[in-house]
Amino acid sequence: MEDLRAQRRKKIEELTALGLNPFGGRFRRSAEAAACHSDYEEGKEVSVAGRLTALRGHGKTAFADLRDSSGKIQLYLRRDNLEGAELEILDRLDLGDIVGARGELFTTRKGEISIMVRGLTLLSKALRPLPEKWHGLKDRETRYRSRHLDLIANREVADLFRLRSRIVREIRDFLDRRGFLEVETPMMQPIPGGAAARPFETFYGALNAPMFLRIAPELYLKRLLVGGVEKVYELNRNFRNEGLSRSHNPEFTMLEIYEAYGDCRTMMELVENLIVKVAGTVRGTLSLTAGETAIDLTPPWRRIRYRELVADFLGIGDWFSRPREEMAAEASGRGLEIDAGMSGIEITHEIYEKCVEPTLIQPTFVLDFPAHLVPLARLKEDDPAAVDVFELVVNGTELAPGYSELNDPLEQRRRFEQQAGSRPPDAAAGKEKIDEDFLEAMETGMPPAGGTGIGIDRLVMLLTGAASIRDVILFPQLRPKENK
RNA sequence: GGGGGCGUAGCUCAGUUGGCAGAGCAACGGCCUUUUAAGCCGUCGGUCGAAGGUUCGAAUCCUUCCGCCCUCACCA
């Protein structure tokens, strides 16, 4: 490795000694690689720039593959077409170097569109070698830690992140067209709220105050509802101080949407329309695959109440009126661990999460959750034991929850107090505090509203078929390495 | 944090029962004026993740540690 770098450093010194700059500046391109193919004209003069990814020498000539963001174009380098400085460069070219080339288009004997190079500039000399050209870069750790190499070596990675960008753009377009306002609210919060996750803690020196990276933008967005911003969304990062997994990264991208005078059902329609629109636009189809599984996003999606879903799954019609002991026995029989302190509802929910949810492959809205499970949502008027929320499940995992938001400040305060009382003792200062600023805003009057949140990384996984969240995040979190 | 798997050259990978660390690509030198993973001849390149132990002898067996992957737990 050090030898390879030393060799290339020597080439840099030699070029510099010849008065050539191995790290060139601005280069005027007249065409991208893809256009050389699509707008081919025999003899047309073009200038291209990009990275050398292959070099095939043939004595006094050489073929090189030059890659830019649009694709690949072959260069044909003949010594008798070049002179002086260019020959010095040619003699010291390495794979991975970034060069500019000028010449005319032609087609080789074997039928490949190429550039007969008459001008060659070195734009950036690579000191380190590229991953192997045929097998590419497979080692997952290197791919995640050195994403630049992954992007160079594995074409489909660049394609996936382009697709991610399009998905995000289509989401914004969809919401903007419907009159939603995109906003940015604090990432650094004195009291982390809006979710029940462990936050990252930090400290703001100038204010001499502890701060937290946000776990959700929810409370700030609701303050905007109070302020008269009736249709609002934020599409940005959340941070949660939790474990890593195939579907969890500590910083992840969340879309939260609120619509005044709407409710849970308004949001359900919005989410369905949004995902259908985005999938149709960026994938051109509503038929997706996740591994071996086929997923059909054609609307309308199934809607089923939580109680029905669980009872049907278990084949026990009056499940919810069975005694706790019987529920516990059923759960144990399914291999679940049941604590003595768990209520019937909690036991049921364990069954729901572990046994029922994984079977929901096609998009399904689960409605009317038991009130105990979702303390911050609004109760159903006709059924105070249930709460007016939905959860969208696709491919066995939660993709988006939705709520009829609570807008009663007194009830909100009671629930905060209840929640604060149940916090574990290790909660840092600030975490257990009640967000008085938020309550004050609510007391000014918050319109009834529907709210929803979509995990963008998981949506991208769904739409791209990626198996791990690390494959849809450019720089996923890994344990820092001591030295390299 | 628990369980399982993996870690060998810059990259992709072999390595038998514990017996001289290998191949292809990349790199370096040579030949070659239309190649396509160009070809041919030659050369260089290793803390076998780290440390310790067993052994005449360890990439290989044992222990501990580090990193990654899978999985469970945690997780609005």
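A note on names: the letters A, B, ... follow the listed sequences, proteins ahead of strands, and every chain is numbered from 1.
- To the nearest whole angstrom, the two C1' atoms, one in B:A23 and one in B:U34, are 31 Å apart.
- Comparing the P positions of B:A59 and B:C69 gives an interatomic distance of 28 Å, to the nearest angstrom.
- A:E398 comes within 4.0 angstrom of no nucleic acid atom, judged by non-hydrogen atoms across all strands.
- As judged by a 4.0 angstrom heavy-atom cut-off over every strand, A:R143 is placed among residues making no nucleic acid contact.
- Using a 4.0 Å heavy-atom cutoff across all strands shown, A:R79 reaches no nucleic acid atom at all.
- Candidate nucleotides B:C13, B:U35, B:A27 were compared by shortest atom distance to the side chain of A:R8, and B:A27 ranks first.
- The A:P131 side chain lies nearest to B:C11 when the options are B:A76, B:C11, B:A26.
- Nearest to the side chain of A:R470, among B:U35, B:G10, B:C70, sits B:C70.
- What you find for A:I215 and A:G193 is that their closest heavy atoms are CG1-O, 3.6 Å.
- Nucleotide B:A37 has no partner under the Watson-Crick or G-U criteria, as no pair reaches both atom distances under 3.5 Å.
- When the nucleotides B:U33, B:C75, B:U12 are ranked by their closest atom to the side chain of A:K138, B:U12 comes out on top.
- Comparing the C1' positions of B:C66 and B:G19 gives an interatomic distance of 30 Å, to the nearest angstrom.
- Nucleic acid contact for A:Y403: base, since at least one base atom lies under 4.0 Å from a heavy atom of the residue.
- A:E417 and A:R414 are not joined by a salt bridge, as no carboxylate oxygen comes within less than 4.0 angstrom of a charged side-chain nitrogen.
- Rounded to the nearest 0.5 angstrom, A:L392 CG and A:L399 CG are separated by 5.0 Å.
- Using a 4.0 Å heavy-atom cutoff across all strands shown, A:D139 reaches sugar-phosphate atoms only and no base atom.
- Of all nucleotides present, only B:A23 satisfies the Watson-Crick or G-U wobble test against B:U12, with each distance under 3.5 Å.
- When the nucleotides B:A27, B:U12, B:U36 are ranked by their closest atom to the side chain of A:Q7, B:A27 comes out on top.
- Comparing A:E350 and A:T107 along RNA chain B, the residue whose closest nucleotide (by nearest heavy atom) sits nearer the 5' end is A:T107.
- The separation of B:C40 from B:G45, taken at their P atoms, amounts to 23 Å, rounded to a whole angstrom.
- Between the side chain of A:E112 and the base of B:U35 there is no donor-acceptor pair of N/O atoms closer than 3.5 Å.
- In this entry the distance linking CG of A:L137 with P of B:A9 reads 14 Å, nearest Å.
- Among the nucleotides B:C70, B:U36, B:A76, the one closest to any side-chain atom of A:R246 is B:C70.
- Among the heavy atoms of the strands lying under 4.0 Å from A:K110 is at least one base atom, whether or not backbone atoms are also near.
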What's the verdict on side chain to side chain contact (heavy atoms under 4.5 Å, CB included) for A:E357 and A:L309, showing C-alpha distance, side-chain angles and the deciding distance?
-> CA-CA 10 Å; A:E357 221 174 56; A:L309 179 65; over 6 Å; no
Given the rule in the side-chain hydrogen bond (donor to acceptor under 3.5 Å, both in side chains) test, do A:Y258 and A:E256 qualify, once you have shown the distances and angles that lead to the verdict?
-> CA-CA 7 Å; A:Y258 293 89; A:E256 281 200 15; 2.9 Å; yes
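- Among the atoms of the strands shown, only primed sugar atoms or phosphate atoms (P, OP1, OP2) are found under 4.0 Å from some heavy atom of A:K11.
- In this structure, A:R56 does not reach the B:U35 phosphate: none of its side-chain N or O atoms is under 4.0 Å from OP1 or OP2.
- In the set B:C75, B:C28, B:U35, the nucleotide with an atom closest to the side chain of A:F63 is B:U35.
- Judged by distance alone with a 3.5 Å cut-off, no donor-acceptor contact links the side chain of A:H58 to the base of B:C32.
- Base pairing analysis places B:C6 opposite B:G67; the two distances defining the Watson-Crick or G-U wobble pair are each below 3.5 Å.
- For A:D94, counting side-chain heavy atoms from C-beta on, the closest listed nucleotide (B:U35, B:C28, B:A76) is B:C28.
- In this structure, A:L82 atom CG and B:U33 atom P are separated by 16 Å, rounded to whole Å.
- Using atom C1' as the reference point in both B:G52 and B:G3, the two lie 25 Å apart (nearest Å).
- Counting any heavy atom pair closer than 4.0 Å across all strands shown, A:G57 reaches a base atom.
- Remark: the separation of the C1' atoms in B:A73 and B:U17 is 41 Å, to the nearest Å.
- Look at the C1' atom in both B:C61 and B:A37: the space between them is 40 Å, to the nearest Å.
- A:Y352 has its ring centre less than 6.0 Å from the ring centre of A:H349.
- Within 4.0 Å of A:K354, counting heavy atoms only, lie sugar-phosphate atoms of the nucleic acid but no base atom.
- When each of B:U35, B:A27, B:G67 is scored by its nearest atom to the side-chain atoms of A:L4, the top-ranked nucleotide is B:A27.
- A 3.5 Å limit on both hydrogen-bonding distances identifies no Watson-Crick or G-U partner for B:G46.
- When distances run from any side-chain atom of A:R140 to the nucleotides B:U36, B:C70, B:A26, the shortest one goes to B:C70.
- An OP1 or OP2 oxygen of B:A38 is reached within less than 4.0 angstrom by a side-chain nitrogen or oxygen of A:K133.
- Between A:R198 and A:E242, no side-chain nitrogen of the basic residue sits less than 4.0 Å from a carboxylate oxygen of the acidic one, so the salt-bridge criterion is not met.
- The phosphate of B:G67 (OP1 or OP2) has a side-chain N or O of A:R479 nearer than 4.0 angstrom.
- Nucleotide B:C61: paired with B:G53 (Watson-Crick or G-U wobble, both distances less than 3.5 Å).
- Between A:D408 and A:R378 there is no salt bridge, since no side-chain N of the basic residue sits under 4.0 Å from a carboxylate O of the acidic one.
- Remark on RNA chain B: of its neighbouring residues A:L93 and A:L478, the 5'-side contact belongs to A:L93, judged by nearest-heavy-atom nucleotide.
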